[in-house]
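Notes follow once the structure below has been shown.
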Amino acid sequence: MTPLDRSFFSRPTLEVAPDLLGAVLVHEHPDDGLLAGRIVETEAYTDDDPAMHGWKATFGTDGRVLPQGRAADLFAAPGTAYVYRVYRTNWLINVVTEPEGTAGAVLIRALEPLAGEEAMSARRAAARRQRDLTNGPGKLTQALDIAEPTFHGHDLTTPPLYIASDGFARGDIDTTSRIGLSRGVDRPWRFFLAGNRFVSPGVPSDVRVARKTRRQ
DNA sequence: TATATGATTGCCT
DNA sequence: GGCAATCATATAG
């Protein structure tokens, strides 16, 4: 179980996102020991992406995200954690990609538990089935106890929180549009391991939009 | 200064 | 399948 090298993340976001499938997110927890899960679902967010944080400031200029507001942290060194909160208490974790100075990130959306399931269950009271522990971006941060700003800016190539490879041979990768968006709906930038039970249950945004349109 | 809106989850029918 | 929770951030005024 070796942490992935920084060079792995210093590549185009659209290459890193599918390549992360099958890797392992590890948290060496001070109280609960090893918490780990295999990454089974990711989404890519790029610097010319209308769904990217800070998109508004970019359009009409050079079409790219500027290092302003929270988007500034997307220009950090590759392998840096970008953790932020949506709605109430949902924290999402991204890995910054591309060389330092270029914006890009991969959202980790679902894990298959590998170690520390008991501790994960203790933190996920609402989970009725094993797969509910980590089959969503906000759920996995709860399960691995990274649901806080502590790890924002942390280097994910070093403990206590890192991404590693264990030589897992992954099968087919499926691709859809991303989930939960109102902009950038048509970009097919969600990647997941075909047939894996731990993939999140969300409906891709382009499908959702199509359904809504048909009803009206 | 004021308002609209989520890179979601969980509970309800 | 529908909808409320709930607040920081971004954007408008």
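Lettering follows sequence order; numbering is per chain, from 1. Below, all heavy atoms of this structure are taken into account, side chains as well, without hydrogens, waters or symmetry copies.
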*Integer-rounded Å distance: C:dT11 C1' and A:Arg70 CZ*: 12 Å

*Strand DNA chain B as a dot-bracket string - pairs counted if Watson-Crick or G-U with both distances under 3.5 Å, | where the partner lies in another strand*: ||||||.|||||.

*For DNA chain B, which residues in residues 95-114 of chain A have a heavy atom at a distance below 4.0 Å?*
A:Leu107, A:Arg109

*If you look only at pairs with a residue in residues 155-174 of chain A, which of them pass as a ring-ring contact (aromatic ring centres under 6.0 Å, His included), with sequence neighbours excluded?*
none

_Looking at A:Arg190 and A:Asp174, is any side-chain nitrogen of the basic one under 4.0 Å from a carboxylate oxygen of the acidic one?_
no

*Check side-chain contact (heavy atoms from CB on, under 4.5 Å) between A:Ala143 and all other residues, then give those that pass, not counting sequence neighbours.*
A:Met120, A:Arg124, A:Thr134

*Could you verify whether a donor N or O on one side chain and an acceptor N or O on the other, from A:His27 and A:Asp145, lie under 3.5 Å apart?*
no

*asked:* If we ignore hydrogens and angles and just use 3.5 Å, is the side chain of A:Thr13 paired with the main-chain N or O of A:Gly104 as donor and acceptor?
replied: no

*Taking atom CZ of A:Arg208 as the centre, does the number of heavy atoms from other residues, nucleotides or ligands within less than 6.0 Å exceed 12?*
no

*Find the distance between OG1 (A:Thr176) and CZ (A:Phe192) and round it off to the nearest 0.5 Å.*
5.5 Å

Tabulate protein N/O versus nucleotide N/O from nucleotides 3-6 of chain C, keeping only pairs under 3.5 Å, one per line.
residue	atom	partner	partner atom	Å
C:dA5	O3'	A:Arg88	NH1	3.3

*Residues two or more places apart in sequence or in another chain: which of them pass side-chain contact (heavy atoms from CB on, under 4.5 Å) with A:Pro12?*
A:Glu15, A:Glu98

*Please list residues of residues 175-186 of chain A whose heavy atoms come under 4.0 Å from any atom in DNA chain B, ordered by number; otherwise none.*
A:Ile179, A:Gly180, A:Leu181, A:Ser182

*asked:* Let me spell it out: for each of A:Tyr45 and A:Arg128, pick the nucleotide of DNA chain B with the closest heavy atom. Which residue's pick is nearer the 5' end?
replied: A:Tyr45

_I'd like to know whether the aromatic ring centres of A:His53 and A:Tyr45 sit less than 6.0 Å apart in this structure._
no

_Between A:Arg170 and A:Asp19 (salt bridge meaning N to carboxylate O under 4.0 Å), is one present in this structure?_
yes

_Tell me if a side-chain donor or acceptor on A:Thr42 pairs with a main-chain N or O of A:Ile108 at a distance below 3.5 Å._
no

*asked:* Using a 3.5 Å distance criterion without hydrogens, assess whether the side chain of A:Arg6 forms a donor-acceptor pair with backbone atoms of A:Pro78.
replied: yes

*Go through residues 18-26 of chain A and report each residue with a non-hydrogen atom lying under 4.0 Å from DNA chain B, sorted by number.*
none

*Does A:Arg197 reach the main-chain N or O of A:Arg131 with its side chain, forming a donor-acceptor pair under 3.5 Å?*
no

*What is the distance from OH of A:Tyr82 to P of C:dT9, rounded to the nearest Å?*
10 Å

*Using a 4.0 Å heavy-atom cut-off across all strands, classify A:Ala126 as base, sugar-phosphate, or nothing.*
sugar-phosphate

_Range on DNA chain B touched by chain A, heavy atoms, distance below 4.0 Å_ = B:dG6 to B:dG10

_Going by the rule salt bridge (Lys or Arg N to Asp or Glu O under 4.0 Å), which residues pair with A:Arg183 if we only count those two or more places apart in sequence or in a different chain?_
none

*asked:* So A:Arg208, base contact, sugar-phosphate only, or nothing? Heavy-atom distance under 4.0 Å.
replied: nothing

*Quick one: does A:Arg187's side chain have a donor or acceptor within less than 3.5 Å of a partner on A:Ser177's backbone?*
no

*Could you tell me whether a side-chain N or O of A:Asn90 sits under 3.5 Å from a main-chain N or O of A:Tyr87, the two making a donor and an acceptor?*
no

*Please name all residues satisfying side-chain contact (heavy atoms from CB on, under 4.5 Å) with A:Ala115, sequence neighbours left out, ordered by chain then number.*
A:Leu34, A:Ala36

*side-chain contact (heavy atoms from CB on, under 4.5 Å) partners of A:Val96, counting only residues at least two apart*: A:Thr80, A:Tyr82

